[in-house]
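Scroll down for the structure; my scribbles are underneath it.
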Protein chains: 2
Amino acid sequence: MAPKIVDRQAKRERIVGAAITVFAQKGVANTKMIDIAKEAGIGKGTLYEYFRNKEDIFASAYDTMNRDMEQKIAAILSEQTHPARQLQMIFEYSLDYFSREAVEFSSVMMDFWAEGIRRKSPEMMGVINLKEIYDRYRVIIAGIVRKGQEQGLFIDVDAVSYASLAIGALDGLLLQLVMSPELIDITRMKTTFKQTMIQCLEK
Amino acid sequence: MAPKIVDRQAKRERIVGAAITVFAQKGVANTKMIDIAKEAGIGKGTLYEYFRNKEDIFASAYDTMNRDMEQKIAAILSEQTHPARQLQMIFEYSLDYFSREAVEFSSVMMDFWAEGIRRKSPEMMGVINLKEIYDRYRVIIAGIVRKGQEQGLFIDVDAVSYASLAIGALDGLLLQLVMSPELIDITRMKTTFKQTMIQCLEK
DNA sequence: TTTTATTGACCGACGCGTCGGTATTAATAT
DNA sequence: ATATTAATACCGACGCGTCGGTCAATAAAA
């Protein structure tokens, strides 16, 4: 009259972790349910006790990875108050993160993008709302720029365009990093970022 | 004792054109062989008389789209000699191209990227060599920057990093354009590009 | 008639999700 | 203590739909 007790939340997280590992190795599209199950050390059927379907695991993994990133950005913003420094920190952190910590992360993220793009037109339940994520980052960067302008520190550039450009540059670099890691010198890239994206902003 | 005569080259091109149309409508991954055949107005089996497999059609479509882009870049370079103007023209042209043909071209291109990324690690015969394409563009942009530096027009920034950054920015913007077309104002973006990516370069 | 082009019915591999059955645990009775 | 029981966790063989690629038959041109 009493069931086996399992920490379902913890197990969900373990499965998501396993999924991310496999995604990194084989690519999201080429990952089979059985691959995730094996990595998590459980049977395929058990996956369906914790997730409705493949899509569901996919979305959970995406959420997890994205929450990580946003928390770190938030931390940076609270450490620094000078707009130019905030931008610089965000750029440098992103570059570091992409290159050093996250060869894994990067290619998985690329897969998520590809999926997100593929799902934009059909009335798919937008499990992965890429647009929303972009909007959020755009708001953050544009906010910093506007603050700098109000303080008379930055030139009069369109804050939203600048934010789109900066986010685009980071994403695009991630793309190239995944393709040719040997070609992108992070240290130099940081300098170049500062020389172009930041110094030109300052009066 | 004489067969039906067909212009095989022309028919291949027709098929590739049909493929691109369908890719734009349904996304590369969701396009079935039968969809391409129907769009081209031929039977499914006939596809295999002109292409070895799906991969082959895919690669041909990619080549076609890419050759278009490169030819236009080359034309720009021959029209302009001033380095800063060359960069500006390339940026503006790319932005125009992306925005004008965003729906069709852009989302198909994103699919190609996603595929290219997915195929980087396994010893797949690199039908779609994304790395090579990137290298080519990088060489072009970096070359312009170096020329500007030699002429004493540009500041001393690392040409390769700059090129990666610029290409990244364009790609990343394309990504955002696909996601939220309404958010990206091309005219403003051109101005911002000039204010950040070009003016900061000039002494 | 011969040669080539075209076709779509067919095949088989593949992978998602299900389902019937098994294993494990904890409350309860003895 | 220990047997009993009930609720839940776990599993993997299998069903079924999907889709890339093949091939035997057909059409058309010369």
Side-chain angles (χ1 to χ4, degrees), chain A residues 1-19 22-23 25-62 111 114-115 118-119 122 124-125 127-128, chain B residues 1-20 22-23 25-62 111-112 114-115 118-119 122 124-125 127-128:
Chain A
M1 209 200 240
K4 182 163 146 187
I5 300 263
V6 172
D7 185 341
R8 296 189 70 82
Q9 186 54 37
K11 189 145 192 179
R12 263 185 74 99
E13 283 168 16
R14 267 191 40 222
I15 293 175
V16 169
V22 182
F23 288 164
Q25 286 168 359
K26 324 187 69 154
V28 173
N30 298 323
T31 297
K32 317 304 170 211
M33 294 302 269
I34 186 65
D35 299 326
I36 299 175
K38 279 188 181 154
E39 178 67 31
I42 60 177
K44 180 185 164 191
T46 308
L47 289 178
Y48 292 87
E49 302 287 334
Y50 293 86
F51 297 91
R52 285 194 311 284
N53 50 29
K54 191 182 185 182
E55 181 95 343
D56 198 12
I57 295 186
F58 190 76
S60 293
Y62 177 73
D111 272 340
E115 271 303 308
R118 192 161 293 135
R119 290 176 196 181
M124 268 282 188
M125 45 183 166
V127 191
I128 293 180
Chain B
M1 212 204 244
K4 191 152 113 181
I5 300 239
V6 173
D7 184 341
R8 297 190 69 84
Q9 185 55 35
K11 192 148 189 177
R12 265 185 73 98
E13 284 168 17
R14 267 191 40 224
I15 294 174
V16 169
I20 291 176
V22 183
F23 287 164
Q25 286 168 358
K26 325 186 69 153
V28 173
N30 298 322
T31 297
K32 318 304 170 208
M33 295 302 269
I34 187 66
D35 298 326
I36 299 175
K38 279 189 179 154
E39 178 68 30
I42 61 177
K44 181 184 158 189
T46 308
L47 290 178
Y48 291 87
E49 300 291 330
Y50 293 86
F51 298 90
R52 285 194 310 283
N53 49 31
K54 190 184 187 182
E55 182 96 340
D56 197 12
I57 296 185
F58 190 76
S60 294
Y62 177 72
D111 272 340
F112 282 131
E115 271 302 308
R118 194 160 293 135
R119 289 175 197 181
M124 267 279 188
M125 44 181 168
V127 191
I128 293 181

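Atoms considered below: every heavy atom in the structure, side chains included; atoms not considered: hydrogens, waters and symmetry mates. By convention in this document, chain letters (A, B, ...) are assigned in the order of the sequence lines, proteins followed by strands, and residues within each chain are numbered from 1. On a predicted model such as this, the values are computed, not experimentally measured, just so you know.
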What is the distance, rounded to the nearest whole Å, between atom [atom1] of [X] and atom [atom2] of [N]?
{"X": "B/Ile57", "N": "D/dC19", "atom1": "CD1", "atom2": "P", "value": "16 Å"}
{"X": "A/Glu49", "N": "C/dT22", "atom1": "CD", "atom2": "P", "value": "17 Å"}
{"X": "A/Gln9", "N": "D/dA9", "atom1": "CD", "atom2": "P", "value": "14 Å"}
{"X": "B/Glu55", "N": "D/dG20", "atom1": "CD", "atom2": "P", "value": "12 Å"}
{"X": "B/Arg12", "N": "C/dT6", "atom1": "CZ", "atom2": "P", "value": "14 Å"}
{"X": "A/Lys54", "N": "C/dT18", "atom1": "NZ", "atom2": "P", "value": "15 Å"}
{"X": "B/Asn53", "N": "D/dT22", "atom1": "CG", "atom2": "P", "value": "9 Å"}
{"X": "B/Phe51", "N": "D/dT22", "atom1": "CZ", "atom2": "C1'", "value": "18 Å"}

Just N and O in the side chain of [X]: are any of them under 4.0 Å from OP1 or OP2 of [N]?
{"X": "B/Arg8", "N": "C/dA5", "result": "yes"}
{"X": "B/Thr46", "N": "C/dT7", "result": "yes"}
{"X": "B/Tyr50", "N": "C/dA5", "result": "no"}

Touch check for [X], heavy atoms < 4.0 angstrom, all strands: base, sugar-phosphate only, or nothing?
{"X": "B/Lys38", "value": "nothing"}
{"X": "B/Ile34", "value": "nothing"}
{"X": "A/Leu47", "value": "nothing"}

Looking only at heavy atoms, what is the nearest atom pair of [X] and [Y], with distance?
{"X": "A/Asn53", "Y": "A/Met33", "answer": "C-CE, 4.2 Å"}
{"X": "A/Val22", "Y": "A/Glu39", "answer": "CG2-CB, 3.5 Å"}
{"X": "A/Lys11", "Y": "A/Tyr50", "answer": "CD-OH, 3.3 Å"}
{"X": "A/Ala40", "Y": "A/Arg14", "answer": "O-NH2, 3.0 Å"}

Please give the angle, rounded to 10 degrees, between the axes at the start and the end of the helix from C/dT1-D/dA30 to C/dT30-D/dA1, where five pairs define each axis. 10°
Does a side-chain heavy-atom distance below 4.5 Å link [X] with [Y]?
{"X": "B/Phe23", "Y": "B/Ile36", "answer": "yes"}
{"X": "A/Thr31", "Y": "A/Phe58", "answer": "no"}
{"X": "A/Ile34", "Y": "A/Lys38", "answer": "yes"}

Checking the side chain of B/Asp35 only, and the main-chain atoms of B/Lys32 only, is there a donor and an acceptor separated by less than 3.5 Å? yes
B/S/- contact track for nucleotides 9-14 of chain C, protein heavy atom under 4.0 Å: ------
